[in-house]
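Computed from a predicted model, the values in this text were never measured in an experiment.
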Amino acid sequence: MLFALLCKDKPGHLNVRMETRPTHLEYLNGLNAEGTLKIAGPFLDDEGKACGSLIIVEAETKEAARALADADPYAKAGLFESVDVKAYNWVFNKPEA
């Protein structure tokens with residue numbers, strides 16, 4: 001099942017995002033290599049600066065998806081104000097469809 005991880009950055013924490021970005025990308029590359037990661041990228045504010053993340057993963061359960069979110073280096077660094085985990089149904093432009 002697919003899950004969307006909707007991550008909102010804490011205000012004033014762009015420096016944490018930038019400092020942690022290499023390990024975050026390494027983590028996502030690992031998820032991608034194992035086929036767990038489907039889509040990932042940052043949300044942008046009105047100035048074009050990253051202010052959150054959208055990550056879509058495949059997981060057996062919502063709890064497993066939450067564990068993937070909690071293991072993200074951004075989460076461990078305290079970047080996120082909130083992380084919402086929602087079941088997701090990819091309908092249009094799905095590569096396997």
Side-chain angles (χ1 to χ4, degrees):
M1 176 171 229
L2 296 178
F3 292 91
L5 312 178
L6 303 161
C7 310
K8 182 178 178 182
D9 290 5
K10 292 177 183 172
H13 278 64
L14 184 58
N15 64 317
V16 174
R17 174 177 280 274
M18 299 316 294
E19 291 167 3
T20 313
R21 189 169 189 270
T23 54
H24 166 73
L25 293 178
E26 184 178 320
Y27 175 69
L28 292 184
N29 279 325
L31 294 180
N32 193 47
E34 66 187 34
T36 300
L37 180 66
K38 301 303 176 189
I39 296 173
F43 290 115
L44 304 176
D45 65 16
D46 292 340
E47 298 172 359
K49 295 180 182 171
C51 62
S53 299
L54 169 62
I55 302 169
I56 298 180
V57 297
E58 188 168 2
E60 291 292 319
T61 63
K62 186 174 184 175
E63 293 75 21
R66 170 64 68 182
L68 292 172
D70 291 346
D72 187 318
Y74 279 168
K76 290 181 175 186
L79 173 62
F80 298 135
E81 179 176 273
S82 63
V83 176
D84 198 10
V85 178
K86 294 186 175 275
Y88 181 75
N89 182 23
W90 193 347
V91 177
F92 287 95
N93 299 321
K94 185 175 180 181
E96 304 87 63

#### Entry: Qualifying ring pair (Phe, Tyr, Trp, His ring centres under 6.0 Å) pairs with a residue from residues 28-51, counting only residues at least two apart or across chains
none
### Message
Would you say Leu37 ends up clustered with Tyr88 if hydrophobic residues are merged whenever their side chains have heavy atoms under 4.5 Å apart, either directly or through other cluster members?
### Response
no
### Query
What pairs with Ala71 under side-chain contact (heavy atoms from CB on, under 4.5 Å), at least two apart in sequence or on another chain?
Tyr27
#### Entry: Shared-cluster residues of Leu14, by chain and number - hydrophobic side chains joined below 4.5 Å
Met18
### Query
Can you name the nearest heavy-atom pair linking Val83 to Ala69, along with the distance?
CG1-CB, 4.0 Å
### Query
Got a sec, which residues hit side-chain contact (heavy atoms from CB on, under 4.5 Å) with Glu26, two or more places apart in sequence or on another chain?
none
### Query
Which residues satisfy the side-chain hydrogen bond (donor to acceptor under 3.5 Å, both in side chains) test with Glu34, sequence neighbours excluded?
Thr36
### Query
Can you check whether Leu28's main-chain N or O pairs, donor with acceptor, with Asn32's side chain at less than 3.5 Å?
no
### Query
If every non-hydrogen atom of His13 is compared with every non-hydrogen atom of Gly78, which pair is closest and at what distance?
CD2-O, 4.1 Å
### Task
Would you please name every residue forming a salt bridge (Lys or Arg N to Asp or Glu O under 4.0 Å) with Asp46, sequence neighbours left out?
none
Give every donor-acceptor pair under 3.5 Å between a side-chain atom in residues 48-59 and any protein atom, sequence neighbours left out.
unit_1, atom_1, unit_2, atom_2, d
Ser53, OG, Arg17, NH2, 3.1
Glu58, OE1, Lys38, NZ, 3.3

#### Entry: Validation row: Ile39, Trp90 side chains within 4.5 angstrom (heavy atoms)
yes
### Task
Given side chain to side chain contact (heavy atoms under 4.5 Å, CB included), test Phe80 with Lys10 step by step and report yes or no.
CA-CA 5 Å; Phe80 298 135; Lys10 292 177 183 172; over 6 Å; no
### Query
Among all residues two or more places apart in sequence or in another chain, which pass the side-chain hydrogen bond (donor to acceptor under 3.5 Å, both in side chains) test with Thr23?
none
## Note on the structure
residues 64-81 vs side chain to side chain donor-acceptor pair (under 3.5 Å), sequence neighbours excluded, gives Lys8-Glu81, His24-Asp72
### Message
So, using salt bridge (Lys or Arg N to Asp or Glu O under 4.0 Å) as the criterion, who are the partners of Lys86 when residues are at least two apart?
### Response
Asp84
